[in-house]
Amino acid sequence: MHALIFPSVDWQTSLKNLVTDPAELLSILKLDPKLLPAAEAASELFPLRVPREFVARMEPGNPKDPLLLQVLPLEAEFHEQAGFTDDPLQEAESRPVPGVVHKYRDRVLLILSGACAINCRYCFRRHFPYAENQISGPAKAEALSYIKQTPDLKEVILSGGDPLVTSDKRLFSLIDELEQIPQLERLRIHTRLPVVVPSRITTALADRLKRSRLNIVMVLHINHPQEISPALNDACQLLSARGVHLLNQAVLLKAVNDQAQIQVALSRALFKAGILPYYLFLFDPVRGASHFDIPQQQAQLIAAQMQADLPGYLMPRLAQEIPGRASKTLILPDPNALGTF
Ligand SMILES: *Cc1c(COP(=O)(O)O)cnc(C)c1O
Ligand code: SF4
């Protein structure tokens with residue numbers, strides 16, 4: 001017997017009870033044990049990690065479930081493909097001090113934690129050297145001093161890993177310190193935790209964000225409408241009621257969400273939960289994940305089909321990160337992009 005969800009447990013307990021054994025994942029979902037050897041081998045490249053709340057959103061018996069495909073280690077991860085690298089966004093070149101990624105003029109990324117509640121197979125940071133790049137201990141003072149000495153900065157983005165894996169104590173003390181830096185106006189939190197462990201959004205956290213002098217933006221990462229649970233809806237209400245702006249970024253992933261009708265359903269479901277679609281990213285060419293890639297022309301066609309079905313404010317910006325540029329690069333939807341697929 002596998003207890004799938006524990007409705008009454010707190011988020012720390014959920015994080016201690018992740019599914020990390022491929023055999024257990026297959027057994028919970030009643031999937032063919034033939035998938036096991038590959039799953040075990042590929043989990044050596046990047047461990048399996050998935051909260052039980054997220055597993056509960058998957059359809060048992062369906063090896064093509066769009067949520068399962070995001071976490072299940074596959075043989076395809078061993079296929080080397082030219083152009084797919086360990087650091088596709090070249091973040092190593094934009095780290096002025098450990099744990100800080102500064103690429104764009106008025107905002108800076110702080111790597112608060114190396115850990116995530118979930119390991120997404122397509123993550124562009126799956127090879128990120130977290131051990132030497134997160135702001136704990138002396139690195140925190142160094143990061144704060146870098147921000148203080150950079151007058152152009154108006155926004156700090158807490159990222160990771162997942163910054164909400166961090167305890168409230170550590171998180172609140174960092175927010176206290178950021179609030180004291182006069183030039184800062186905005187604080188952004190990039191997180192997938194409210195999606196995969198919705199109980200992370202406690203009243204205490206929401207209240208602390210409400211009290212901030214900074215404008216608070218939370219950018220969630222939801223790729224498929226099936227990820228939106230009643231518990232996530234509740235978490236979003238708690239945040240919206242306290243003035244937190246909720247946005248979503250998604251990644252276009254082959255076999256997961258590479259159809260206009262799924263994207264349209266996602267935008268509509270996001271809006272019902274009080275979240276605005278922000279970015280729809282083209283896949284970043286990270287080593288071990290080339291099987292998620294789709295051609296840019298196909299993405300442009302999907303975007304054009306979405307645009308025909310959605311109000312402008314529910315249309316995410318199709319974008320890509322090209323190393324060396326001053327911002328993300330927007331890509332236009334193209335109804336004529338038929339390409340070769
Ligand atoms: C994506 C990113 C940001 C945020 O960019 P926005 O377009 O403002 O969402 C900031 N810093 C880094 C290093 C990034 O990769
Ligand atoms: S939650 Fe985000 S940072 Fe963590 S593995 Fe998934 S995509 Fe990567």
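Along the sequence shown, residues are numbered consecutively beginning with 1. Counting convention: from 1, in listed order, for ligands and their atoms alike.
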- Query: Non-hydrogen atoms of Asp162 versus ligand 2: any pair closer than 4.0 Å?
  - Reply: no
For [X] and [Y], indicate whether the former's side chain and the latter's backbone hold a donor-acceptor pair under 3.5 Å.
X      : Y      : result
Arg213 : Glu179 : yes
Arg121 : Phe46  : yes
Arg170 : Leu112 : yes
Asn17  : Ser14  : no

- Contacting atoms of ligand 2, where contact means under 4.0 angstrom from a heavy atom of Arg192: 1 (S)
- Message: Using a 4.0 Å cutoff against the non-hydrogen atoms of Ile118, which atoms of ligand 2 qualify?
- Response: 1 (S), 4 (Fe), 5 (S)
- Task: Classify the side-chain pair Glu185/Asn215 by whether it contains a donor and acceptor separated by less than 3.5 Å.
- Result: no
- Item | From CA spacing to verdict: salt bridge (charged side-chain N to carboxylate O under 4.0 Å, His left out), Arg208, Asp168 | CA-CA 9 Å; Arg208 176 62 189 87; Asp168 278 357; over 6 Å; no
- Query: Just wondering, is there an N, O or S atom on Cys120 that's nearer than 2.8 Å to atom 6 (Fe) of ligand 2?
  - Reply: yes
- Quick one: do Ile216 and Leu184 end up in the same hydrophobic cluster if we chain Ile, Leu, Val, Met, Phe, Trp and Tyr together by side-chain heavy atoms under 4.5 Å apart? yes
- Item | Per-residue contact class, His221 against ligand 2 - non-hydrogen pairs under 4.0 Å | side chain
- What class does the angle between the rings of Phe84 and Phe283 fall in, given that below 30° is parallel, 30 to 60° is tilted and above 60° is perpendicular? tilted
- Item | ring pair (Phe, Tyr, Trp, His ring centres under 6.0 Å) contacts touching residues 167-187 (sequence neighbours left out) | none
- Check whether any N, O or S atom of Cys116, backbone or side chain, sits closer than 2.8 Å to atom 8 (Fe) of ligand 2. no
- Query: Measuring from each atom of ligand 1, which residues have a heavy atom under 4.0 Å away?
  - Reply: Val101, Lys103, Tyr104, Arg107, Leu109, Ile157, Arg188, Tyr278, Tyr279, Glu321, Lys328
